[in-house]
J.: 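Sharing a structure, written as structure tokens. Questions coming.
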Amino acid sequence: MSDLRIRCATLSDIDTVLHFWSHAAEGTSISDDHDGVARLLTRDPEALLLAERDGILTGTVIAGFDGWRCSAYRLAVHPDHRRQGIATALLEAAEQRFAALGGRRADAMVLEANERAHHTWAAAGYHREDHWRRWVKPL
């Protein structure tokens with residue numbers, strides 16, 4: 001895994017990331033567009049972590065911290081690169097970021113229907129909290 005590089009995304013990475021998510025991520029978000037990702041990177045330039053191997057994007061995770069909650073979103077690994085420790089490395093980098101910022105607990109948004117992701121998150125030490133539900137309202 002020594003050839004895996006994890007770095008923070010920049011504004012010049014946005015189109016590559018959006019294309020990557022269209023192939024590697026499950027589902028879509030209302031913010032999956034150039035303006036949405038640009039707002040993320042402008043507000044928190046270290047939030048979007050990219051995993052690269054030989055200059056090729058192989059994985060992503062958004063490690064957002066608002067001063068109250070540590071939230072992980074968009075953990076995605078390219079199908080051709082799964083089961084190689086990339087998700088583990090991304091989550092370790094996200095958790096290191098959270099700890100450095102003073103975070104106390106990480107929350108992850110995981111699609112109910114994405115069974116494969118449930119196993120990934122569980123293997124990383126996360127557990128499901130059934131007493132919470134996400135309530136949303138588009139703005």
Side-chain angles (χ1 to χ4, degrees):
M1 192 54 70
S2 63
D3 61 337
L4 187 69
R5 176 179 176 230
I6 296 182
R7 67 174 178 88
C8 298
T10 65
L11 292 172
S12 65
D13 293 311
I14 293 174
D15 292 333
T16 301
V17 168
L18 290 170
H19 179 75
F20 176 83
W21 284 343
S22 72
H23 297 290
E26 293 288 327
T28 58
S29 165
I30 195 169
S31 299
D32 283 359
D33 58 28
H34 196 279
D35 289 342
V37 179
R39 275 190 300 276
L40 170 67
L41 295 178
T42 299
R43 183 184 178 286
D44 188 351
E46 297 179 351
L48 177 53
L49 302 176
L50 307 180
E52 296 175 327
R53 182 170 281 143
D54 298 323
I56 305 297
L57 181 60
T58 58
T60 67
V61 69
I62 297 173
F65 182 62
D66 62 8
W68 181 265
R69 290 178 191 88
C70 301
S71 300
Y73 307 93
R74 281 300 191 208
L75 176 63
V77 175
H78 191 280
D80 294 341
H81 297 272
R82 291 183 179 153
R83 305 201 51 78
Q84 298 176 25
I86 295 169
T88 299
L90 282 164
L91 288 177
E92 287 174 359
E95 291 165 5
Q96 288 172 5
R97 177 174 199 258
F98 294 150
L101 292 170
R104 298 178 180 177
R105 180 186 74 183
D107 294 332
M109 298 297 299
V110 183
L111 290 171
E112 284 291 319
N114 191 348
E115 292 289 329
R116 185 176 333 144
H118 298 181
H119 298 290
T120 299
W121 287 100
Y126 291 75
H127 67 276
R128 180 182 168 139
E129 287 189 335
D130 289 327
H131 60 279
W132 295 104
R133 287 291 179 257
R134 181 176 177 192
W135 292 44
V136 300
K137 176 183 176 184
L139 301 176

J.: Working to the nearest 0.5 Å, report the span between CZ of Arg97 and CG of Leu49.
T.: 7.0 Å
J.: Within the distance-only criterion (no hydrogens, no angle test), does the side chain of Thr60 pair as donor or acceptor with the backbone N or O of Arg74 below 3.5 angstrom?
T.: yes
J.: Taking all heavy atoms of Leu4 and all of Ala51, pick out the closest pair and write down the distance.
T.: CD1-CB, 4.0 Å
J.: Applying the 4.5 Å side-chain criterion to the ILVMFWY set and letting contacts propagate, would Leu50 and Phe98 be lumped into a single cluster?
T.: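 No, separate clusters.
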J.: If hydrophobic clusters are built from ILVMFWY residues whose side chains come within less than 4.5 Å, do Leu41 and Leu57 share one?
T.: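 Linked within one cluster.
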J.: When rounded to the nearest 0.5 angstrom, what distance separates CZ in Arg5 from CD1 in Ile56?
T.: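 These two atoms lie 12.5 Å from each other.
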J.: Do Arg53 side-chain atoms and Asp3 backbone N/O form a donor-acceptor pair below 3.5 Å?
T.: no
J.: Which heavy-atom pair separates Ile86 from Gly59 by the least distance, and what is that distance?
T.: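 Looking at all heavy atoms of both residues, the closest pair is CG2-CA, 4.3 Å.
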J.: Let me know which of Leu40, Val37, Asp35 forms a side-chain contact (heavy atoms from CB on, under 4.5 Å) with Ile14.
T.: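 Only match with Ile14 under side-chain contact (heavy atoms from CB on, under 4.5 Å): Val37.
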J.: Would you say the side-chain atoms of Arg69 pair up with the backbone N or O of Asp107, donor to acceptor, closer than 3.5 Å?
T.: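 Checked: no pair found.
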J.: With the 4.5 Å side-chain cut-off for hydrophobic clustering, are Phe65 and Tyr126 part of the same group?
T.: no
J.: For Asp13 versus Cys8, what's the shortest heavy-atom pair and its separation?
T.: OD2-O, 4.5 Å
J.: In Å and rounded to the nearest 0.5 Å, what is the CG to CG distance from Leu75 to Leu90?
T.: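 Spacing of CG (Leu75) from CG (Leu90) equals 6.5 Å.
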J.: Just wondering, are more than 12 heavy atoms of other shown residues or ligands nearer than 6.0 Å to CG in Leu101?
T.: yes
J.: Indicate the atoms forming the closest heavy-atom contact of Val61 with Ala94, along with that distance.
T.: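 The answer is CG1-CB, 4.3 Å.
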J.: Is it possible for you to say whether Leu11 and Leu18 belong to one hydrophobic cluster, with membership spreading through side-chain heavy-atom contacts below 4.5 Å?
T.: yes
J.: For the pair Ser71 (side chain) and Gly64 (backbone), establish whether a donor and an acceptor sit closer than 3.5 Å, ignoring hydrogens and angles.
T.: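 Judged by distance alone, no pair lies under 3.5 Å.
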J.: Quick check for you: to the nearest 0.5 Å, what is the distance between Trp68 atom CH2 and Arg105 atom CZ?
T.: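 Spacing of CH2 (Trp68) from CZ (Arg105) equals 10.5 Å.
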